[in-house]
2 protein chains.
Amino acid sequence: MAVTIKEIAERAGVSPSTVSRALAGNPRISAETRARIQRIIDELGYHPNMNARSLVVKSSGTIGVVLPRSGDSAFLNPFFPEVLRGITAALEEHGYALLLATGRDDAVKHEHVARMVQGKQVDGVILLESRADDHLIFYLREQRVPMVMIGRPLLEGIAYVDNDNVLAGKEATEYLLERGHRHIAFLGGSLAYAVTVDRRDGYMLAMDKAGIAPAMRTVLSTDFSEEDAYREVTDVLHRPDRPTAFVVADDLMALGVIGAVQSAGLTIPEDVSIVSFNNVLLSRLTNPPLTSVDIHILDLGRKAVEMLFALIEKSSSRVDHYTDTYIVHTQLIERGSVSLGPFASGNV
Amino acid sequence: MAVTIKEIAERAGVSPSTVSRALAGNPRISAETRARIQRIIDELGYHPNMNARSLVVKSSGTIGVVLPRSGDSAFLNPFFPEVLRGITAALEEHGYALLLATGRDDAVKHEHVARMVQGKQVDGVILLESRADDHLIFYLREQRVPMVMIGRPLLEGIAYVDNDNVLAGKEATEYLLERGHRHIAFLGGSLAYAVTVDRRDGYMLAMDKAGIAPAMRTVLSTDFSEEDAYREVTDVLHRPDRPTAFVVADDLMALGVIGAVQSAGLTIPEDVSIVSFNNVLLSRLTNPPLTSVDIHILDLGRKAVEMLFALIEKSSSRVDHYTDTYIVHTQLIERGSVSLGPFASGNV
DNA sequence: TTGAAAGCGTTACCAG
DNA sequence: CTGGTAACGCTTTCAA
C-alpha cells in the first residue's frame with residue numbers, strides 16, 4: 001500500500017483535513033504544523049493519489065491530444081512530432097500532463113476519446129485533425145468538452161489555431177507565376193481535409209488573378225504520403241503537356257514528387273520547379289533542397305494549448321460557447337527547387 | 001453532471017451493483033437485465049468515471065512514457081517519434097492509453113514522474129533514456145513500479161530492450177576496415193549514455209582486432225545534435241592527419257558531419273566515408289545518402305510494451321523482481337556514403 | 001441472480 | 001486554526 005494522507009496525518013498528530021489544507025497551501029494554518037507536516041511528507045516521499053483527488057475536484061491536470069488516423073501512421077509525418085514539441089513545451093509551463101489518444105480506425109479512436117473525456121481523465125482536448133466527416137467533433141461539442149483544433153474545422157463554433165492557408169497557397173503559387181511559370185499543378189492530400197481545400201483555393205485564386213486558363217491548371221489530390229504522391233505525379237509527368245511547376249501541400253509528398261520527377265528522367269529545378277509546405281527538417285536535406293512555406297508548426301502547438309487553457313478557464317466560470325481563432329503567419333523559405341519558367345520576363 | 005452508474009441503475013430499475021456487474025461482463029446475471037442495462041447505457045452514452053474506477057481496482061489502464069531531456073528537444077531527433085510509433089501501436093492492441101512525461105530539467109521531470117507513479121495514474125513505465133546519473137531509475141526501482149527501459153541501463157536488475165550496440169559498432173567499423181580504411185574516427189553522443197559507450201566499445205574492439213595503432217584512433221563525443229557534431233568534426237578535419245572515415249552514432253549527428261566535411265571543401269565519399277546509426281528517414285535523403293545501421297526502432301518500441309505487460313502481470317501475482325532482456329537485431333544498410341579507403345585491397 | 005453496505009483516498013463544508 | 005463528516009463514482013464482499 002502506498003502512503004496516504006491519513007498516514008501522514010497520524011504521524012503528524014493532526015487530522016487528514018489539516019494535511020489536505022497544508023498540501024493545498026491554505027493560509028489558515030499555523031506555520032509550525034505546516035512545517036511539521038511538510039517534513040513528514042518529504043520524509044515519506046508522499047504524493048497524493050491523483051484518482052482520488054480528481055474524483056472530488058473536477059480537474060485531472062491533464063489534457064488529451066487526439067492524433068489523426070492511428071498513432072502508427074501519424075508519426076510518419078514530421079509534422080506531428082513537431083506540434084507535439086510545441087504542445088508539450090507549453091503544457092510543461094502549466095504543470096499539465098499529456099494523454100495521447102490514437103486508434104487504428106475511427107471507431108476505436110472514438111471509443112478511446114470517449115473514455116478519456118467521459119472518464120474524466122482530461123480537462124480538455126486538442127484535436128490534430130480536421131476532416132470533414134469526423135464524428136468526433138460533434139461528439140466533443142455535444143459533451144461540451146473544452147477543445148481546440150489545430151487546423152480549420154469544417155464546422156462553425158469551434159476554437160482553432162491555423163495558418164491562413166488560402167493566403168499561403170496563393171503566395172506560393174504567385175511565387176511561381178512571378179518566375180515565369182504558367183502551367184502549374186497543385187498536389188494536395190485528401191479534399192476531406194481543410195488544409196488541402198484551403199491551399200488549393202489559394203492556388204486557384206492566384207491562377208484566376210493571373211488569368212491562367214483552366215486548361216493550364218491541374219489539381220491532384222491523394223493521400224498524405226510519399227508513395228501516393230509519387231504515383232499521382234508520375235502519371236501527370238508523362239502527359240504531353242506536363243506542368244513546369246508544382247505546388248505541393250506537404251513536404252513528405254514533395255519527396256514523392258522529387259522521386260517521380262527524377263524517375264521520369266527530368267531534373268529539378270530545370271525541368272520542373274517545386275514549392276511545398278511545412279518546412280520540416282527534410283526540406284533542406286533533399287536534392288535539391290526544397291523551397292517550402294514555413295507554417296511555424298511549433299507555434300501552432302503552443303498557441304493551441306494557450307487557447308485551450310483560456311477555454312478551460314471560461315468553461316469553469318460557465319461562460320459557455322466561447323470560441324476563438326488564432327492565425328499564425330507563414331513565410332516562404334527559398335531554397336533550390338525553383339527556377340525560372342518558360343514565361344520569365346527577366347525582372348523578378 | 002455527467003451520467004453515473006447510479007442513474008443508469010435507476011432507469012433500469014436495478015441496483016448500481018448490478019450495473020457494475022453488467023459492465024464487467026460478470027456471468028452471474030440474467031440475459032434480460034443485462035440487455036436492458038446495455039440498452040440504456042448505449043442510449044445515454046454512458047462511460048464510467050475512470051478516476052473512481054482506478055481508485056478501487058488498482059489499475060489505471062494507462063502506461064507512462066518518460067522522454068529524455070525536455071519533450072521539447074527530444075522530438076527533435078526522429079528516433080523518438082519512431083519509438084512512439086511502435087509503442088502506441090502495441091498499446092492500442094492492449095486497449096491501454098499513454099501518458100507522456102517530460103520536464104525541462106531533471107528536477108521537474110522527476111516531479112512529473114513521481115506524480116504519475118505515486119498518483120496511481122499509470123500501471124507501468126517505459127523509460128526512453130539510459131543515462132548514468134539518472135536518479136529516476138533508482139526511484140522507480142525503489143517504488144517497485146513495473147518498468148522497462150529502451151536502451152541498456154547502467155544498473156543491474158532492470159528489464160530492458162536494446163540492440164547489441166557493441167556488436168553493431170564493431171560491424172560498422174569492420175565494414176569500413178574491410179574497405180581499406182585505417183584511420184577511422186568515432187563520433188558519439190555523451191558518454192553518460194550506454195548507447196554511446198557500447199558503440200564506441202564495438203569500434204575499439206574492431207580496431208583492436210585489426211591491429212590499428214591507438215594513434216590512428218579518434219574518439220569524439222558531444223551532444224546528440226547536428227550543430228555539436230558539426231563543430232566537433234570541423235576541428236578534426238583540419239588536422240594534418242585527418243581520418244578517412246567516420247563511424248557516427250546517430251543519423252542526426254551524421255548530418256552535422258556531412259555539413260562539416262562539405263564546408264571543409266571535401267567530398268563524401270571520396271575524401272571521407274561515413275557510416276552512421278539508426279537509419280531514420282533522413283538517412284536516405286542526404287547527399288549522398290547515408291550508409292546507416294538500421295536498429296529497428298519500431299520493434300524496440302513494440303517489444304518494450306510487450307515486456308512491460310509481462311512485468312505488470314507478474315507484479316500483480318507478486319513474483320517480485322522479475323527482469324528480462326530482449327535484443328533486437330541490427331542491419332547495416334548500404335547507401336552512398338562509403339568508398340574504398342587508401343588501403344583497399346581490391347577484393348571486398 | 002440481485003441488493004445493501006463498506007471502502008478506495010481526497011477535498012470541502014460546517015462547527016468549534 | 002483545526003477536526004468531523006459527507007461526498008465524489010465506482011467495485012466488491014456479504015447476505016439474501
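From a predicted model like this one, the values you see are computed outputs, not experimental measurements. Here is the naming used below: chain letters follow the sequence lines, and residue numbers restart at 1 for every chain.
S54(A) comes within 4.0 angstrom of nothing in the nucleic acid, heavy atoms only.
Rounded to a whole Å, the CG atom of N26(A) is 10 Å from the P atom of dC1(D). As a whole-Å value, the separation of I8(A) CD1 from dT2(D) P is 13 Å. Atom CD in Q118(A) sits roughly 14 Å away from atom C1' in dG9(D) (whole-Å rounding). Distance CZ (R36(A)) to P (dC1(D)): 14 Å, rounded to an integer number of Å. One interatomic measurement links the two molecules: CZ of R34(A) to P of dC1(D), which rounds to 9 Å at whole-angstrom precision.
The shortest distance between side-chain heavy atoms of H296(A) and K303(A) does not fall below 4.5 Å. Side-chain contact between L127(A) and I158(A): absent, with no pair of heavy atoms (C-beta onward) separated by less than 4.5 Å.
Listed by chain and residue number, M50(A), T62(A), L99(B), R115(B), M116(B) satisfy the side-chain contact (heavy atoms from CB on, under 4.5 Å) test with Q121(B) (two or more places apart in sequence, or in another chain). For Y326(A), the ring-ring contact (aromatic ring centres under 6.0 Å, His included) test picks out no residue, with sequence neighbours left out. Partners of E306(A) by salt bridge (Lys or Arg N to Asp or Glu O under 4.0 Å), not counting sequence neighbours: none found.
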Per-nucleotide protein contact string for nucleotides 7-16 of chain C, where B marks a base within reach and S marks sugar-phosphate only (heavy atoms under 4.0 Å, - for neither): -BBBSBB---
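Close to dA4(C), at under 4.0 Å from its OP1 or OP2, lies no side-chain N or O of S15(B). Residue T18(B) places at least one side-chain N or O closer than 4.0 Å to OP1 or OP2 of dG3(C).
In this structure, Q143(A) contributes its side chain and V117(A) its backbone to no donor-acceptor pair below 3.5 Å.
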Can you give me every donor-acceptor pair (side chain of residues 40-49 of chain A, partner residue at least two apart or in another chain, under 3.5 Å) with its distance?
from	atom 1	to	atom 2	distance (Å)
D42(A)	OD1	Q38(A)	NE2	3.0
N49(A)	OD1	N51(A)	N	2.8
N49(A)	OD1	A52(A)	N	3.1

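Residues S15(B) and T18(B) bring a donor and an acceptor atom of their side chains to less than 3.5 Å of each other.
In this structure, F309(B) has its ring center under 6.0 Å from that of Y96(B).
Each end of the helix from dT1(C)-dA16(D) to dG16(C)-dC1(D) gets its own rotation axis from five pairs of C1' atoms, and the angle between them is 40° to the nearest 10 degrees.
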